[in-house]
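Right, one structure below, let's go through it.
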Amino acid sequence: MASIASARYGKDNVRLYKVDRDPKTGVQTVNETTVCVLLEGKIDPAYTTADNSVIVATDSIKNTIYLLAKQNPVTPPELFASILASHFPSTYPHISGAHVSIITHRWTRMTVRGQPHPHSFYRDGTETRNVLVHSSPLGLRISSSIKGLTVLKSTGSAFHGFIKDEYTTLGETWDRILSTDVDATWEWRVFRDVEEVRKEQAGFDQAWEHARETTMRVFAEDYSASVQATMYKMSEEILEKVPGVMSVTYELPNKHYFEINMEWHKGLKNTGKDAEVYAPQSGPNGLIKCTVERNSAKPKL
Ligand SMILES: O=c1[nH]c(=O)c2[nH]c(=O)[nH]c2[nH]1
């Protein structure tokens, strides 16, 4: 015998663009996202007995995303994702919840002749602002993140004191290059409903700004003992600054830059303090992860 252990379905890669036109100033502001909505609930018969009567067509899900984008603000993405995630369970009684993902792509306003241009933008990098919302009878679980923010520091990073044994070839260093693609996620307290999310509205943009500023400032200013130690400092600071956030997760690849020994060519010095030309590595790379949570008032049993 077999049965469904878990099932969800919906529309992925729904690309969405919305423009806001300020009639007074003529300034336009644009928002471009990629949306995914997956539904769950009493949908097993669609799989087990080919009963389509329980299916909200993924085409209808796509239409709903466009319509709700017209009728509601699409920013902050935490609010729009919550509106989407609440719509489906409140419209279809057999749908118990939805998983909504929104990836916001960067359109940064151009500076033209020293002035912010009213309607021209450019894509400044691969960084995205991402949101996941899961609606269920228990409420709305929201996580926000920054992904694809590539950073590098050319000094101010060390790595020494690690285990040395018969497997070790890595030398200790007090001055190395540190580079990573930032993947930082912050998990919010559970919200009862969309109205509670709406009350927090301004806090979502502030948290994103804090997380982004903290990530870059700590990366730049910390004399890094390791990726592990630096990411912990970033997480601690975000928890300190944003009371509504319960935990912070970083996933950071350690993108290695190898020194190139040039002694073979006329004794040319290019290692240690003389290193100037390096070989950036595409892989293998370190991958360092951690989740740091707020200590709850109650002691753990
Ligand atoms: O910051 C680092 N953490 C590690 O765990 C590690 N391992 C390694 O080889 N280099 C580094 N760097």
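Ligands are counted one by one from 1 in listed order, and the atoms in each one are counted from 1 as well.
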I need the nearest protein heavy-atom contact for [atom]: residue, atom name and distance, please.
| atom | answer |
| --- | --- |
| atom 10 (N) of ligand 1 | Phe159 CE2, 3.4 Å |
| atom 5 (O) of ligand 1 | Gln228 NE2, 2.9 Å |
| atom 12 (N) of ligand 1 | Arg176 NH1, 3.1 Å |

Query raised in the report: Does the pair Ile61 and Tyr9 meet the rule for a side chain to side chain contact (heavy atoms under 4.5 Å, CB included), with working shown?
Result: CA-CA 10 Å; Ile61 296 172; Tyr9 80 98; 4.2 Å; yes
Atoms of ligand 1 close to [X] [distance to a heavy atom under 4.0 angstrom, numbered from 1]:
| X | value |
| --- | --- |
| Val227 | 1 (O), 2 (C) |
| Leu170 | 8 (C), 9 (O) |
| Ser226 | 1 (O) |

Report task. May I ask you to check whether Phe204 and Trp188 place their ring centres under 6.0 Å from each other? Result ->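 Centroid separation for Trp188 and Phe204: below 6.0 Å.
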Query raised in the report: Backbone or side chain, does any N or O of His256 fall under 3.5 Å from an N or O of ligand 1?
Result: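 N/O-N/O distance below 3.5 Å does not exist for this pair.
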Query raised in the report: Salt bridge or not for Arg15 and Glu32, using N-O below 4.0 Å?
Result: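 Salt bridge flag = yes for Glu32 with Arg15.
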Query - Pair Glu200 + Arg189: basic N to acidic O under 4.0 Å - result: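 The answer is yes: the pair qualifies as a salt bridge.
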Query raised in the report: Side chains of Ser96 and Glu40: is there a donor and an acceptor less than 3.5 Å apart?
Result: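 The answer is no; no qualifying pair exists.
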Query raised in the report: In terms of side-chain heavy atoms, does Thr180 have a donor or acceptor partner in Lys255 at a distance below 3.5 Å?
Result: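 Their side chains do not contain a donor-acceptor pair, so the 3.5 Å distance test is not met.
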